Amino acid sequence: MTTLHPETLAIRSGIHRTPFNEHGEAMYLTSSFVFDSAAQAAARFSGAEPGMIYARFTNPSVNAFEERLAEMEGAERGVAFASGMAAIMATVMGLMRAGEHIVASRSIFGSTVQLFTNILGKFGIETTFVSPTDPEEWRAAVRPNTRLFFVESPSNPLTEVSDIAALAQIAHQHGAWLAVDNCFCTPILQRPLDLGADIIIHSATKYIDGQGRVLGGAVLGTNALMEGVYTFLRTAGPTLSAFNAWVLFKGLETLAVRMQAHSAGALALATWLEAQPQVARVFYPGLPSHPQHALAMRQQTTGGGIVAFELKGGKDAAWRLIDATEIMSITANLGDTKTTITHPASTTHSRMTAEQRAAAGISDGLIRIAVGLEHIDDLKADLARGL
Ligand SMILES: *Cc1c(COP(=O)(O)O)cnc(C)c1O
């Protein structure tokens with residue numbers, strides 16, 4: 001099915017006829033599977049016969065989600081997890097060992113920074129954080145023991161765009177893998193493996209679900225790399241539930257139309273914000289004013305659904321604007337049908353010191369909006385109330 005477009009794969013792949021269900025879309029809510037004979041049980045456990053064993057590491061509903069997402073990303077294999085963070089943890093635990101080194105973008109998800117620094121650091125894996133937009137910093141940070149480059153593009157909340165092809169080239173020159181957290185784009189807007197990346201990570205909790213219902217995650221790549229990731233899952237058990245897998249499998253069917261709508265809304269809102277006198281600056285990769293606009297338009301099909309902007313009035317103006325909204329949800333989640341509005345400096349990035357925030361460009365007047373699927377005129381009016 002690899003010649004089909006992602007929109008079609010989202011709806012048609014991962015479905016197999018089974019004796020129980022014409023389309024193989026049933027939800028398998030069982031913890032273990034029964035064998036026909038002692039010999040079959042032995043063959044399943046040894047791997048000689050493919051098939052289901054125990055739901056910590058085999059379940060048809062989970063496999064259907066993995067197969068569909070892998071087809072959409074152009075990956076040989078996907079391995080699903082209970083959450084995006086579990087997927088990131090499994091990538092490192094499955095592919096790295098103590099004494100090895102990670103080079104990561106400075107602008108990655110806050111819990112990923114905590115995981116790399118405070119948890120992996122305890123077990124002898126060190127991380128160096130570098131600029132998402134300067135590949136030469138990545139090259140300079142490489143050590144003989146560097147095994148993994150880790151990037152998120154566009155970044156949160158400033159929507160900085162990293163040159164995935166350039167980072168892949170540097171990683172490969174030094175015998176490291178490039179992992180891309182593709183949560184903000186999904187395969188509909190960006191396919192990192194096509195750009196040279198080795199590993200894709202998803203928090204399926206966001207756009208893949210798309211309606212704020214369940215948590216989930218996935219890691220995708222070659223069969224050889226995914227074997228290590230899967231072995232960690234099988235042994236350690238951060239397993240995606242069958243119910244959540246079924247929700248996410250169905251979520252993929254509408255992902256393409258949703259991503260187009262989120263993107264159209266975000267572009268319209270960003271364009272409108274740029275014309276407001278109270279707004280100092282708008283951060284959106286789809287705007288010609290964005291510093292990496294040309295790269296974003298080469299690498300992505302749209303600017304995505306996340307817009308950030310800085311108000312001239314600082315924190316007071318930002319909080320006033322947020323508190324004046326009547327439609328938008330004040331929350332840090334994203335990828336939902338509901339538009340969400342966040343003040344990063346006092347929420348998602350409040351664990352950083354003021355100096356770290358200043359260095360990262362997270363000013364007190366900064367607001368992030370994850371544009372949902374409401375009518376754009378209602379969203380503009382909601383912001384206009386507090387401007
Ligand atoms: C939310 C998020 C994660 C973590 O995913 P969970 O499903 O919440 O564990 C990782 N990366 C990015 C970019 C995210 O937005």
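Because only heavy atoms are used, hydrogens play no part in the values below, and waters and symmetry mates are left out as well, while side chains stay in. Predicted, not measured: the structure shown is a model, and the values here were computed from it. When a ligand or atom number is given, it counts from 1 through the structure's own listing order.
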Cation-pi check, Arg258 onto Tyr207 ring (under 6.0 Å, within 45° of axis): no
Flag side-chain contact, heavy atom, 4.5 Å: Met52 against Pro60: yes
Spatial distance of atom CG (Leu248) from atom CD1 (Ile208) [nearest 0.5 Å]: 7.0 Å
Minimum-distance protein heavy atom relative to atom 8 (O) of ligand 1: Ser203 OG, 4.2 Å
Winner among His202, Glu152, Met89, Lys206 once heavy atoms are compared against atom 14 (C) of ligand 1: Lys206
Pairs where residues 30-48 contributes a residue and the test salt bridge (Lys or Arg N to Asp or Glu O under 4.0 Å) is met, not counting sequence neighbours: Arg44-Glu49
Test of proximity, Leu215 against ligand 1: N or O pairs below 3.5 Å: no
Identity and separation of the nearest protein heavy atom to atom 9 (O) of ligand 1: Met85 N, 2.9 Å
Protein contact to atom 4 (C) of ligand 1 [nearest heavy atom, distance to 0.1 Å]: Phe109 CE2, 3.4 Å
Phe109 six-ring centre to Lys206 NZ/CZ under 6.0 Å and within 45° of normal: yes
Backbone or side-chain N or O of Gly84 under 3.5 Å from ligand 1 N or O: yes
Flag side-chain contact, heavy atom, 4.5 Å: Glu100 against Thr146: no
From the candidates Thr205, Leu115, Asp181, the one that places a heavy atom nearest atom 11 (N) of ligand 1: Asp181
